[in-house]
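Remarks on the structure that follows.
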Amino acid sequence: MGPSDDATVSGHCAAGFEGVRAAFVRNFRVHGEVGAAVTVIVGGRTVVDLWGGHADAARTRPWEHDTLVNVYSTSKGMTALCAHLLVDRGELDLDAPVARYWPEFAQAGKAELPVRWLLSHRAGVIAPREPVAERYAHDWDHVCAALAAAAPWWEPGTAQGYHAVTFGYLVGEVVRRISGVSLGAFLRREIAGPLGARVFIGTPAEEHARCAEMVGQLDEARIAERFPGIPQPPFRSLADHPLAVVILALTYIPTGDVNTAAYRSAEIPAGNAHASAHGLATVYGALAGGRLVGAATLEAMREPQSLPHEPDLAIDALAPPGTERRWGLGFMLNHQRQAGPNPRAFGHGGAGGSFAFADPENGLSYAYAMNKYGSGATGDADPRNTALIAATYEALGVHRTRPSGHALH
């Protein structure tokens, strides 16, 4: 018996969605899944809610319905949503300078940089100008002060480059300045708590026992070892090496071992949400169903902020050839159909393979979370997700979607 053949799958699928269960089981048998969960909600009804495998590398703890797991950059969708709630309430203007809300951010030529560019990865504030010392890595005020003082690494607005870690501090500090509470507290108070969704940024200590252990995780502190010959930081400019932007994005703010209590308790809104698949799907389901923001805000969230075929200064260095990333306002857009047949679907993926999205035209939300680190580090398709999403839309009989949003069956 192989190490993944004994996985026990629990939960339920509605009639007609048996293919999703088959794909989920196949992920264990074919892709060596350790522990995982997948949830699909359609029209407010949970049609798929499955979990299985183990929450630890030693395979001693079964994965449960309420198991939480680090979802890496899938966190960014939750962080962006917090900002859009403030937009929807008229408290945040995306075209206003960041400095209107965060005056210290006006330093180093950033006085007119609009909030919109924080959400669309166009700000150029990919990292502070000097690496953050490890002892300050989880110190919110220290990191934000370093980013406020930093000069952009490229002229803001002229290029996109995935702000892998700084996205969460930049957007999160704007949310904090407006709301008076941290990003994680705002998420819990305004979104996850009222929905009963198990999604945390800054996971309470009492929830740590329910956190799954990441297996085969990316050690971001050693990312440079993947690219021999890259000069060591600090860099003077991006011209120091073609991959300098990747090193800046991933190493200038060390995040530490993702399986520690310190990491789980910290607020790193670009990448350390701990969530269940059901919790993520619940949030995106409320969004798709119009229960979190109004129609105009929903449309604006997924308006393209990237030019067609525009390179991404960070992702292009890591992704397979031909991968193209287009950003909405904090969300990955679905132009390459990673999230099924509707090009208007939107969400966010995370390193290792977690993925969650909303498809408002089909009234659908989807979330997958796992603890075996696989592909999907830049949001490109992970075969585990590909199979689950294909089976979901096959069950719905949806093969493509009209531009008007009316599904074709």
Side-chain angles (χ1 to χ4, degrees), residues 1-56 59 61-69 71 74 197-199 210 212 215 275-285 288 337-342 345 347 349-350 352-359 362-376 381-399 407 409:
M1 180 180 291
S4 62
D5 292 339
D6 60 348
T8 299
V9 171
S10 301
H12 77 277
C13 285
F17 287 84
E18 294 85 359
V20 182
R21 181 185 178 92
F24 188 65
V25 171
R26 193 178 308 117
N27 281 346
F28 286 91
R29 294 176 177 168
V30 175
H31 297 296
E33 197 83 274
V34 176
V38 60
T39 301
V40 179
I41 299 172
V42 180
R45 175 184 172 221
T46 301
V47 296
V48 175
D49 197 18
L50 299 172
W51 61 93
H54 296 88
D56 60 336
R59 300 173 192 262
R61 288 196 291 134
W63 196 287
E64 306 285 358
H65 185 253
D66 64 353
T67 294
L68 302 170
V69 67
V71 294
T74 301
R198 290 183 55 73
V199 180
R210 297 179 181 86
V215 179
S276 67
H278 187 272
L280 290 168
T282 296
V283 173
Y284 274 108
R337 306 301 196 271
Q338 299 96 327
N342 181 11
S354 62
F355 192 36
F357 67 86
D359 177 351
N362 288 297
L364 178 146
S365 66
Y366 166 96
Y368 161 79
M370 76 303 129
N371 64 344
K372 181 191 175 185
Y373 200 97
S375 58
D382 183 295
R384 297 168 293 180
N385 267 306
T386 300
L388 292 167
I389 294 168
T392 294
Y393 281 95
E394 185 65 30
L396 289 173
V398 176
H399 305 292
H409 300 274

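Between Val9 and Arg21, the closest side-chain pair of non-hydrogen atoms falls below 4.5 Å. A 4.5 Å side-chain heavy-atom check between Asn362 and Val42 finds every atom pair outside the cut-off. For the pair Leu388 and Phe355, the minimum side-chain heavy-atom distance is 4.5 Å or more. Residues Tyr366 and Val38 meet the side-chain proximity criterion, which asks for heavy atoms closer than 4.5 Å.
Residue Ile389 comes nearest to Gly340 through the heavy atom pair CG2-N, 3.7 Å, listed as atom of the first residue, atom of the second, then distance. Taking all atoms of both residues into account, the shortest heavy-atom contact from Ala37 to Trp63 is CB-NE1, 3.8 Å. Across all their heavy atoms, Ala356 and Leu280 have their closest contact at CB-CB, 4.1 Å. In terms of heavy atoms, Arg384 sits closest to Gly353 at NH2-CA, 4.0 Å. Taking each heavy atom of Val71 and Ala369 in turn, the nearest pair found is CG1-CB, 4.2 Å. Considering every non-hydrogen atom in both Glu33 and Arg59, the closest pair reads O-NH1, 4.2 Å.
Panel note: side chain Asp382, backbone Ser354; no donor-acceptor pair is recorded below 3.5 Å. Within the 3.5 Å criterion, the main-chain N or O of His54 finds a donor-acceptor partner in the side chain of Asn371. Glu18 contributes a side-chain N or O that, together with a main-chain N or O of Gly16, makes up a donor-acceptor pair within less than 3.5 Å. Between the side chain of Ser276 and the backbone N or O of Asp66, no donor-acceptor pair lies under 3.5 Å. The backbone N or O of Ala367 lies less than 3.5 Å from no partner atom in the side chain of Thr39, so there is not a single donor-acceptor pair.
Within the model, atoms CZ of Phe357 and CG of Asn385 stand 8.5 Å from one another, a figure rounded to the nearest 0.5 Å. Taken to the nearest 0.5 Å, the NE2 atom of His278 stands 11.5 Å off from the CG atom of Leu50. Remark: Arg337 CZ to Asn342 CG distance equals 8.0 Å, nearest 0.5 Å.
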query: Does the pair Tyr393 and Asp359 meet the rule for a side-chain hydrogen bond (donor to acceptor under 3.5 Å, both in side chains), with working shown?
result: CA-CA 11 Å; Tyr393 281 95; Asp359 177 351; 2.6 Å; yes
- request: For Tyr284 and Leu364, run side-chain contact (heavy atoms from CB on, under 4.5 Å): C-alpha distance rounded to whole Å, both residues' side-chain angles, the deciding distance at 0.1 Å, then the answer.
  value: CA-CA 8 Å; Tyr284 274 108; Leu364 178 146; over 6 Å; no
